[in-house]
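Below is one structure, written out as structure tokens, with a few remarks after it.
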Amino acid sequence: VGMTHGEITNTVFNEPLFGYAELSLCSTLLDFGDIKCKADLNKPLIEPTTVLKRTSTKVNKIFRESNDIEKKGLRSSRAIYIPTLYSGNYVYGPYRGFEDDAYTYWQSLLLESFKDITIKAHPKSRRPGFPNETDLRWLEDCVYDYDVLVLDYYSTAATIAVFTDKPVIFFDLGFRNLDETFLELLRQRCFYRHIDWTTDISSQIMNAISEYNECETNWSNESLRQYSLCQDDGETLYSVVSRTMY
């Protein structure tokens with residue numbers, strides 16, 4: 001029995017790693033949600049005989065469905081930046097991330113632009129070396145204490161963030177290769193801006209912040225439900241293992 005992680009169907013990641021690591025070498029695969037994306041790079045080495053679906057308990061706990069997510073002004077709001085981990089020597093790929101020095105450089109420019117933003121420490125990474133206030137709690141335990149969520153990487157934390165009813169600012173640094181349909185839904189859910197590393201980064205961040213403060217767009221997370229939640233109760237690891245063994 002193989003289990004995916006990340007609180008969302010791993011087929012949203014059109015990346016070879018997930019095919020090699022999580023979708024292969026099992027007879028029964030237990031994935032999230034009711035949908036399967038048609039990714040051409042996410043191919044198992046050996047196809048599972050059976051693919052079963054389960055509901056993410058974390059997403060189910062924090063999900064506040066809304067098609068009317070309003071902007072919160074940054075000057076009067078508590079904002080939290082939710083980074084991914086520092087990879088150290090484990091920069092595998094493709095579509096994984098930057099070296100730590102490059103990522104730290106990006107973060108320094110981002111944090112200078114947002115001023116009083118809090119950093120959510122990654123539970124598996126060293127703490128960022130910036131003077132900003134740091135929140136050490138699990139994201140699902142603290143996310144509703146903030147008004148605006150800032151992301152730069154699609155991960156488990158991003159899944160939790162987009163299922164809240166909080167406005168999300170998403171800077172796409174080009175790390176991931178997401179399924180095109182899911183990526184379009186992500187653009188509808190977030191204030192989404194792509195960062196071009198061949199031009200001045202600071203000005204792109206400042207322009208994005210200015211555009212966010214002036215925008216009158218409302219966002220929706222309603223179309224994301226099927227990627228993490230099952231319409232019925234779905235399966236559990238206990239039910240799958242029991243069926244497999246007996």
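Nothing fancy with the numbering, it's 1 onward along the sequence.
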Is a side-chain N or O of S220 found less than 3.5 angstrom from the main chain of E222, in a donor-acceptor match?
-> yes

Do the non-hydrogen side-chain atoms of N132 and F114 ever get within less than 4.5 Å of each other?
-> no

Could you grab the distance from atom OG of S27 to atom CD of E47, nearest 0.5 Å is fine?
-> 13.0 Å

Determine which pairs satisfy side-chain hydrogen bond (donor to acceptor under 3.5 Å, both in side chains) with at least one residue from residues 6-21, sequence neighbours left out, and list them in order.
-> E7-S56, T9-T11, T9-D31, N14-D40, E15-R176

So, do F13 and C37 sit near enough that their side-chain heavy atoms are less than 4.5 Å apart?
-> no

Would you say the side chain of S87 lies within less than 4.5 Å of the side chain of D100, judging by non-hydrogen atoms?
-> yes

Classify the angle between the aromatic ring planes of Y212 and W219 as parallel (below 30°), tilted (30 to 60°) or perpendicular (above 60°).
-> parallel

Distance flag, aromatic centroids of Y154 and F182, threshold under 6.0 Å | yes

Considering all heavy atoms, the nearest Q226-S223 contact = NE2-O, 3.9 Å

Could you list all the salt bridge (Lys or Arg N to Asp or Glu O under 4.0 Å) pairs where at least one residue sits in residues 79-90, not counting sequence neighbours?
-> none

Hey, is CG on D116 packed in by over 12 heavy atoms from elsewhere, all under 6.0 Å?
-> no

Here the pair of heavy atoms bringing I160 nearest to I62 is O-CD1, 3.3 Å

Enumerate the residue pairs fulfilling salt bridge (Lys or Arg N to Asp or Glu O under 4.0 Å) with a member in residues 149-161, sequence neighbours excluded, ordered by first and then second residue.
-> none

Side-chain touch F32/R54, heavy atoms, less than 4.5 angstrom | yes

Shared hydrophobic cluster, V162 / L183 (ILVMFWY, side-chain heavy atoms < 4.5 Å) = yes

Please check if atom CD in Q231 has more than 12 non-hydrogen atoms from other residues, nucleotides or ligands closer than 6.0 Å.
-> no

Under 3.5 Å, is there a donor-acceptor pair between the side chain of Y103 and the main chain of T84?
-> yes

State plainly whether one hydrophobic cluster holds both L173 and L85, where clusters connect Ile, Leu, Val, Met, Phe, Trp and Tyr through side-chain heavy atoms under 4.5 angstrom apart.
-> no

Any chance you could measure T181, atom OG1, to I35, atom CD1, to the nearest 0.5 Å?
-> 7.5 Å

Quick one: do I80 and L149 satisfy side chain to side chain contact (heavy atoms under 4.5 Å, CB included)? Show the steps, please.
-> CA-CA 5 Å; I80 186 167; L149 315 178; 3.6 Å; yes

When hydrophobic residues are tied together by side-chain contacts of less than 4.5 Å, even through go-betweens, does W106 share a cluster with I117?
-> yes

Report yes if some heavy atom in the side chain of E235 is under 4.5 Å from a heavy atom in the side chain of L30; otherwise report no.
-> yes

With under 30° as parallel and over 60° as perpendicular, where do the rings of F170 and Y192 fit, or are they tilted in between?
-> parallel

Non-hydrogen atoms of I119 and P128 that approach each other most closely | CG2-CG, 3.7 Å

State the NZ-CD distance between K71 and E216, to the nearest 0.5 angstrom.
-> 7.0 Å

Evaluate side chain to side chain contact (heavy atoms under 4.5 Å, CB included) for D145 paired with R137, printing each intermediate quantity in order.
-> CA-CA 11 Å; D145 291 341; R137 294 175 290 173; 2.8 Å; yes

With rounding to the nearest 0.5 Å, note down the distance linking CG in L224 to OG1 in T159.
-> 9.0 Å

Between F191 and C215 the two heavy atoms that sit nearest each other are CD1-SG, 4.4 Å

Result for side-chain contact (heavy atoms from CB on, under 4.5 Å) between C142 and one of L136, D135, T118 points to D135

NZ-NZ distance between K61 and K58, expressed to the nearest 0.5 angstrom | 9.5 Å

For M206, does its backbone N or O pair with a side-chain atom of S210 as donor and acceptor, under 3.5 Å?
-> no

Minimal heavy-atom distance between D147 and K72, with the atoms involved, is O-CG, 3.8 Å

Heavy atoms of other groups near W197 CH2, more than 12 under 6.0 Å = yes

Is the shortest heavy-atom distance from the side chain of Q188 to the side chain of L185 under 4.5 Å?
-> yes

Contact summary for N42 and P44, nearest pair of heavy atoms = O-CD, 3.8 Å

F98 vs F175 aromatic rings, parallel, tilted or perpendicular, using cut-offs 30° and 60°?
-> perpendicular

Using a 4.5 Å cut-off on heavy atoms from C-beta on, say whether the side chain of D165 contacts that of Y144.
-> yes

Using the six-membered ring of F171, assess whether NZ or CZ of R193 lies under 6.0 Å from its centre and within 45 degrees of the ring axis.
-> no

Please check if any side-chain donor atom of S202 sits under 3.5 Å from a side-chain acceptor atom of D200, or the reverse.
-> no

For residues N221 and E65, determine if any side-chain heavy atom of one lies less than 4.5 Å from a side-chain heavy atom of the other.
-> yes

Check the hydrophobic clustering (I, L, V, M, F, W, Y; side-chain heavy atoms under 4.5 Å; chains of links allowed) and say if L111 and Y86 are grouped together.
-> yes

Is V12 reachable from Y95 through a run of I, L, V, M, F, W or Y residues, each pair having side-chain heavy atoms under 4.5 Å apart?
-> no

Hey, could you give me the CG/CG distance between L17 and N177, rounded to the nearest 0.5 Å?
-> 12.5 Å

Passes side chain to side chain contact (heavy atoms under 4.5 Å, CB included), V143 versus F163? Steps please.
-> CA-CA 11 Å; V143 67; F163 275 96; over 6 Å; no

